[in-house]
Amino acid sequence: MNITRENIDALNAVVKVDIAKDDYADKVNTVLSDYRKNANIPGFRKGHVPMGLVKKQYGKAVLVDEVNKLLQDALNKYLTEEKLDVLGNPLPKPQDDLNWDADEFSFEFELGLAPEFDVKVKSKKAITHYNIQATDKMIDDQIENIANQYGKLIAKDTVEKGHEITGRFFSEENEIDKTTTFSLDKIKGKKNTDSFLGAKVDDVLTLKTKNLFDETHSLVSYVGVNAEGADKLNVEVTFTITEINEREGADLDQDLFDKLFGKDVVKSVTEVKAKLKEDAEKQFAQQSDQKLLNDVTENLIENTKFDLPADFLKKWIQTSGENPLSADEASEEYEKSEKGLRYQLIEGKIIADNNLQVTFDEIKDGTKEMIKGQMAQFGQLNPSEEELDNIAARVLGNQDEIKRINEQLLSKKLIEFYKENANLKVKNISYDDFIKEVYS
């Protein structure tokens, strides 16, 4: 067997594989001998079928099968030994005149080669790294919500400020029929608020949906209207009051603190606020890190320039799926996937150049930490190592789980790498301002 390569350019090559009779003859004869031992052909005892008849009946199919196996093994070994970084898979060049009655065969494969390029993580323009902070108002609101959540409801006859109202929104014409509960402070505008103040149980109010609630999603949630176009909807509904309650907040005492955080974890309102702030900012940090990863990714794609073997990749896309695509469909699919492919190459180079690979031990430890976190949510705070190892072994028996955890740990490594090496500017910001700035 002889394998040669012709480099068309820096991104494309053709590999030629020449296969001689000596390369496949023994394998073909072995398979045919096994066929002869087991063949059931009328007129012959099992194991005594003439080899000539076996070759006539099965020889061509066995030859094709064994040559293809030999070809794939040889090609894979060649790519590994030559350390060729290929994109997609080798594409066989069409051979309309292939003669399977010959003793020697030649096959050619097109290769798309990965480009060589450098990655500069430290960009000229600084990338914003958001430090999202929990404001005093946010924490105070959380304290108030907690007190209300663990407090008690006191039935009232008449709606006053601060009360919760339960009732039924109805409009037969607009197919609205929703029983709901909301606090009066959710209502928008003095005119709408005045419609509720002083109302009693069983009163029926006539209201317009437009500008009824302070936020559009409240209209969707409380009235049950379709989210699409809810901000422009202006229809008349009735609201029948069935219940009026005043919520009396729970005492901020040790019993409540223990319910929230465990026995004696916190012992004062000041410590509760500090714990809430710490927990909130941990969650905010995850959002900030994801935003940073997205921004660095976009920056790297935009500023790392290299060519791709586009024509080869389009041809490969045509044949790589379950159903063949037309040239136009493959071209469209390539345009959709090109950006992702570029980042895969950039990310792969960063990982290789900086030894950021995730080891199996790291995957196992990460799995155990994930399990501990999940168990803590159900009050199991001190699982044994044996218990963690047993659960982790079951989780890691699933290849999809291994892949998912590997990707999570790799993202963390990349984020830490970018924090240390990218050109970043830290911006302190409240959570509300972060949402407005990033997602507006």
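These numbers come from the heavy atoms of this one structure, side chains and all, not from hydrogens, waters or symmetry mates.
Side chains of Ser183 and Asp185: a donor-acceptor N/O pair is present below 3.5 angstrom, by distance only. With hydrogens and angles left out, the side-chain atoms of Arg5 and Asn7 include a donor and acceptor closer than 3.5 Å. When only modelled atom types and interatomic distance are considered, Asn148 and Asn145 share no side-chain donor-acceptor pair under 3.5 Å. Side chains of Gln72 and Asn68: no donor on one and acceptor on the other come within 3.5 Å.
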- Verdict with reasoning, Ile127 to Asn423, per side-chain contact (heavy atoms from CB on, under 4.5 Å): CA-CA 6 Å; Ile127 297 170; Asn423 180 14; over 6 Å; no
- Take Asp279 and Gln283 through the side-chain hydrogen bond (donor to acceptor under 3.5 Å, both in side chains) test and state the conclusion after the steps. CA-CA 7 Å; Asp279 291 346; Gln283 294 183 15; over 6 Å; no
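Note: Trp316 CH2 to Leu87 CG = 8.5 Å, rounded to the nearest 0.5 Å. Interatomic distance, Leu233 CG to Ile176 CD1, rounded to the nearest 0.5 Å: 6.5 Å.
Not less than 6.0 angstrom separates the ring centroid of Phe434 from the ring centroid of Phe284.
Remark: Glu338 CD is packed, more than 12 non-hydrogen atoms of other residues, nucleotides or ligands lying under 6.0 Å away. More than 12 heavy atoms of other residues, nucleotides or ligands shown are found within 6.0 angstrom of NZ on Lys419.
Below 30°, between 30° and 60°, or above 60°: for Phe169 and Phe182 the angle between ring planes is below 30°, a parallel geometry.
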